[in-house]
Undergrad: 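Quick one: structure below, then a few questions.
All values below come from the heavy atoms of this structure, side chains included, with hydrogens, waters and symmetry mates left out.
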Amino acid sequence: CSRKRAFQIAKSFLPILEWLPNYRVKEWLVSDIISGLSTGLVATLQGLAYALLVAVPVGYGLYSAFFPILTYFFLGTSRHISVGPFPVVSLMVGSVVLSMAPDENFLIEGSNATGTNGTGTLIDTESRDAQRVLIASTLTFLVGILQVIFGVLQIGFIVRYLADPLVGGFTTAAAFQVLVSQLKIVLNVSTKNYNGVLSIIYTLVETFERIGTTNIADLIAGLLTIFVCMVVKEINDRFKHKIPIPIPIEVIVTIVATGISYAADLEKNYNAGIVKSIPRGFLPPEPPNISLFSQMIAASFSIAIVAYAIAVSVGKVYATKYDYAIDGNQEFIAFGLSNIFSGAFSCFVATTALSRTAVQESTGGKTQVAGIISAGIVLISIVALGKLLEPLQKSVLAAVVIANLKGMFMQVFDVPRLWRQNKVDAMIWVFTCIASIILGLDLGLLAGLLFGLLTVVLRVQFPSWGGFGNIPGTDIYKKVKDYKNVIEPEGVKILKFSSPIFYANIDGLKSSLKSTVGFDAVKVYNKRLKALRKIQKLIKKGKLKATKNGIISEPGINNEAFETDEEPEDNQDLEVPTKEVEIQVDWNSELPVKVNIPKVPIHSLILDFGAVTFLDIVAVRSIKTIIKEFERIDVRVYFASYQDNLISQLERSAFFDDTVRKDIFFLTVHDAVLYIRNQMTYSDNQDPIFEKISLMQESKEPIEFTEASRPDDELDVQEE
């Protein structure tokens with residue numbers, strides 16, 4: 001608990017203490033000022049435009065472009081992202097706002113209405129807008145609380161479950177939702193506010209049903225804005241190396257459109273929809289309506305994760321480019337406190353916008369000083385310039401939003417490339433996109449996340465496996481199906497199972513074992529017991545004779561044992577009392593009883609566990625059962641290439657006993673094969689009398705016979 005340690009903790013919570021003392025005023029200040037001016041102008045316009053997505057008066061978009069920057073300046077770890085509204089998150093907030101405060105809740109009778117929804121019904125828009133602002137700010141406050149909790153609990157890793165294909169499909173669907181929601185503003189067509197499943201389809205259908213009421217002035221202004229913005233943005237992209245500062249086309253178009261609207265008085269002459277009123281100055285802070293938390297907790301969770309994921313993914317791109325690191329958990333805290341702070345000032349949820357961040361970086365922004373200067377530009381707009389933008393058509397703002405969606409729509413061209421590279425990732429992209437369009441953004445994100453996790457589970461549940469063989473002259477083992485010159489060791493089967501083994505895929509391991517060895521160990525054992533039972537009956541009747549070396553039929557006796565195997569398979573009462581009849585059977589030779597017993601052409605089985613990272617208790621018990629099933633049909637089971645943690649797992653699970661010992665585990669497959677070969681060589685040459693006779697024949701000299709010593713626990717042939 002030293003002074004230095006306390007300062008390090010303070011720097012981790014307030015990253016500004018880390019970078020501000022090292023700020024290079026002469027090198028960076030001019031660049032940050034230029035970047036801040038450009039970004040501030042874009043942020044002002046985007047704040048106004050994205051307020052339309054949240055379904056609140058456009059002036060509140062300026063607050064949302066200003067307040068979050070103030071706290072992030074002190075708490076954020078990214079030097080380049082521009083904090084503020086983002087269309088996807090704004091639309092998610094807007095869906096909550098519209099579901100909790102629809103127009104139907106504010107219908108009034110008489111002529112005191114301040115607005116109409118286009119269907120002739122009068123609406124108290126003042127009360128409606130006040131309620132929607134309260135809901136948006138309360139949701140922002142709740143999202144901030146959740147993000148702070150996530151940051152304190154150090155669960156920034158949660159964003160890793162939002163894979164790139166999932167995010168791509170989700171943002172593309174969100175772009176489509178944004179397009180539909182802004183289309184009715186460009187056309188100046190009033191529709192009902194749909195929410196939930198298929199809401200986007202209903203909105204689209206009603207928009208085209210009412211397309212006859214389109215306002216031509218708004219349509220022309222919107223189409224011209226979209227065309228000009230997209231052309232100039234393309235020029236900015238094509239010639240970004242030659243143009244020192246990107247052309248701020250949104251600002252230029254807005255100024256021109258405002259001038260035209262004011263000069264031609266489009267509202268009065270053509271009934272165009274204009275901004276009308278932008279409040280000057282700031283509203284006093286208001287506490288959130290805590291009673292609404294229960295209605296928005298589910299949506300706030302998904303918004304908190306999506307807003308964080310977008311900000312961190314953009315931040316990491318620029319952090320990698322400029323060789324510094326961002327702290328994921330600190331970003332959670334930074335955005336959480338920013339949203340709590342801005343929620344008190346009637347703002348909606350903040351994250352970062354790709355286009356705005358690109359402007360801040362491309363115009364030379366080095367640190368968050370550029371961000372604080374951009375906030376200053378927004379501040380000037382709030383205090384002084386708001387009145388000048390009142391004649392601006394809403395269709396122009398909607399067109400600015402649509403023009404900024406180009407990058408998200410271009411992600412559609414990633415699908416063919418994804419399909420060629422990884423079909424599962426392409427399926428995740430398409431499924432998430434379709435689900436988000438049909439179910440809505442919150443349920444669509446959840447469905448995409450579950451689908452992505454399901455693909456992982458299925459890939460683990462049905463992993464790749466195969467029988468392996470040796471490349472001659474090497475200690476390398478490869479899959480038999482994939483290589484021509486691979487040879488399987490005689491009497492040995494090698495199976496590699498490329499997955500952790502747990503309760504969900506243990507059946508897959510068993511089926512892959514049967515396919516590799518070519519028989520079912522349990523059925524072989526049951527068939528052998530059935531044959532032994534018949535042989536025992538025939539020996540008792542005197543129709544067969546059991547000898548030390550095998551079973552023979554008595555000459556001259558009609559062998560009635562050759563009967564069809566028509567008895568039903570019965571796994572019960574198969575135990576043969578071996579003390580009554582001691583017999584030795586070569587199960588791979590022709591038997592005197594006609595029982596269809598599968599041949600067992602192997603004496604050893606090696607399980608390559610090189611790709612097995614963990615085992616659960618079900619897997620441990622099943623593997624122990626597999627060992628016993630193969631042992632009782634005289635097939636030894638060995639394990640190779642295991643990871644060290646598996647041994648400790650097996651020890652904790654009481655896997656080892658007198659039957660299953662650690663000497664069946666080998667570091668490599670080749671070690672196991674060499675051990676098996678040595679064992680087989682030893683078993684072939686273990687008859688000492690045969691060795692003595694061979695030596696006598698070779699040397700022609702008498703050799704003294706000695707009785708072979710036998711371990712106490714080893715049985716002779718008759719006893720066995």
Side-chain angles (χ1 to χ4, degrees), residues 16 19-20 23 27-51 61-87 89-90 229 232-233 235-237 240 243-255 307 310-311 313-315 317-319 321-322 326 334-335 338 342 347 350-386 389 397 400-401 403-404 406-407:
I16 190 173
W19 62 264
L20 192 59
Y23 188 80
E27 296 179 35
W28 292 349
L29 185 59
V30 175
S31 297
D32 279 341
I33 291 173
I34 295 172
S35 174
L37 292 172
S38 303
T39 309
L41 293 172
V42 175
T44 300
L45 268 299
Q46 290 188 351
L48 292 170
Y50 296 157
L62 294 177
Y63 300 151
S64 301
F66 172 72
F67 283 105
I69 300 175
L70 303 181
T71 44
Y72 190 85
F73 178 74
F74 295 97
L75 301 172
T77 57
S78 175
R79 301 175 193 169
H80 292 89
I81 65 172
S82 175
V83 180
F86 180 64
V89 176
S90 299
C229 285
V232 176
K233 282 178 177 290
I235 292 172
N236 284 340
D237 288 340
K240 58 185 176 183
I243 303 174
I245 299 175
I247 302 169
I249 187 59
E250 293 100 333
V251 179
I252 296 171
V253 165
T254 303
I255 294 171
I310 291 168
S313 59
V314 174
V317 169
Y318 292 104
K321 183 176 180 180
Y322 291 98
I326 63 172
F335 278 103
S338 293
S342 57
C347 301
T351 176
T352 185
L354 283 70
S355 57
R356 198 168 58 246
T357 300
V359 170
Q360 181 164 315
E361 184 268 340
S362 61
T363 52
K366 304 295 183 185
T367 64
Q368 282 301 326
V369 170
I372 209 72
I373 292 171
S374 71
I377 301 298
V378 179
L379 175 63
I380 294 171
S381 302
I382 293 172
V383 174
L385 301 181
L389 294 172
L397 291 176
V400 168
V401 174
N404 279 300
K406 178 192 170 187

Undergrad: On a heavy-atom basis, which atom in L37 and which in I373 lie closest, and how many Å separate them?
TA: N-CG2, 4.1 Å
Undergrad: Restricting to non-hydrogen atoms, name the atom on A307 and the atom on T351 that form the minimum distance, rounded to 0.1 Å.
TA: O-OG1, 2.7 Å
Undergrad: Can you find a heavy atom in the side chain of I69 that is under 4.5 Å from one in the side chain of Y72?
TA: no
Undergrad: Between S82 and T39, does any side-chain donor sit less than 3.5 Å from a side-chain acceptor?
TA: no
Undergrad: Hey, could you give me the CD/CG distance between Q368 and L75, rounded to the nearest 0.5 Å?
TA: 11.0 Å
Undergrad: Would you give the length of the straight line joining atom CD1 of I33 to atom OG of S38, rounded to the nearest 0.5 angstrom?
TA: 12.0 Å
Undergrad: Walk me through whether Y23 and D32 qualify under side-chain contact (heavy atoms from CB on, under 4.5 Å).
TA: CA-CA 11 Å; Y23 188 80; D32 279 341; 2.6 Å; yes
Undergrad: Kindly compute the distance separating OG (S362) from CG (N236), expressed to the nearest 0.5 Å.
TA: 8.0 Å
Undergrad: Can you name the nearest heavy-atom pair linking L45 to T254, along with the distance?
TA: CD1-OG1, 2.7 Å
Undergrad: Quick one: CZ on F66 to OG on S342, what's the gap to the nearest 0.5 Å?
TA: 11.5 Å
Undergrad: Look up atom OG1 in T357 and atom CD1 in I310, then write down how far apart they are to the nearest 0.5 Å.
TA: 11.0 Å
Undergrad: Atom CD1 in I382, atom CD1 in I377: separation rounded to 0.5 Å?
TA: 11.5 Å
Undergrad: Using every non-hydrogen atom in the two residues, find where K233 and N404 come nearest and quote the distance to one decimal.
TA: NZ-OD1, 3.1 Å
Undergrad: Any heavy-atom pair between the side chains of W19 and V369 that's under 4.5 Å?
TA: yes
Undergrad: Say whether, by atom type as modelled, one donor and one acceptor occur between the side chain of Q360 and the main chain of H80 under 3.5 angstrom.
TA: yes
Undergrad: If the condition is side-chain contact (heavy atoms from CB on, under 4.5 Å), which residues does S90 pass it with, not counting sequence neighbours?
TA: Y50, L53, V54, P85, F348
Undergrad: Return the minimal non-hydrogen interatomic distance between G315 and I326, and the atom names on each side.
TA: C-CD1, 3.9 Å
Undergrad: Take I372 and L70 through the side-chain contact (heavy atoms from CB on, under 4.5 Å) test and state the conclusion after the steps.
TA: CA-CA 7 Å; I372 209 72; L70 303 181; 3.9 Å; yes
Undergrad: Do K321 and E361 meet the salt-bridge criterion of a basic N to acidic O distance under 4.0 Å?
TA: yes
Undergrad: Is V83 close to S338 at the side-chain level, that is, under 4.5 Å between some pair of heavy atoms?
TA: no
Undergrad: Do you know which two heavy atoms are closest between A311 and T352, and how far apart they sit?
TA: CA-CG2, 3.5 Å
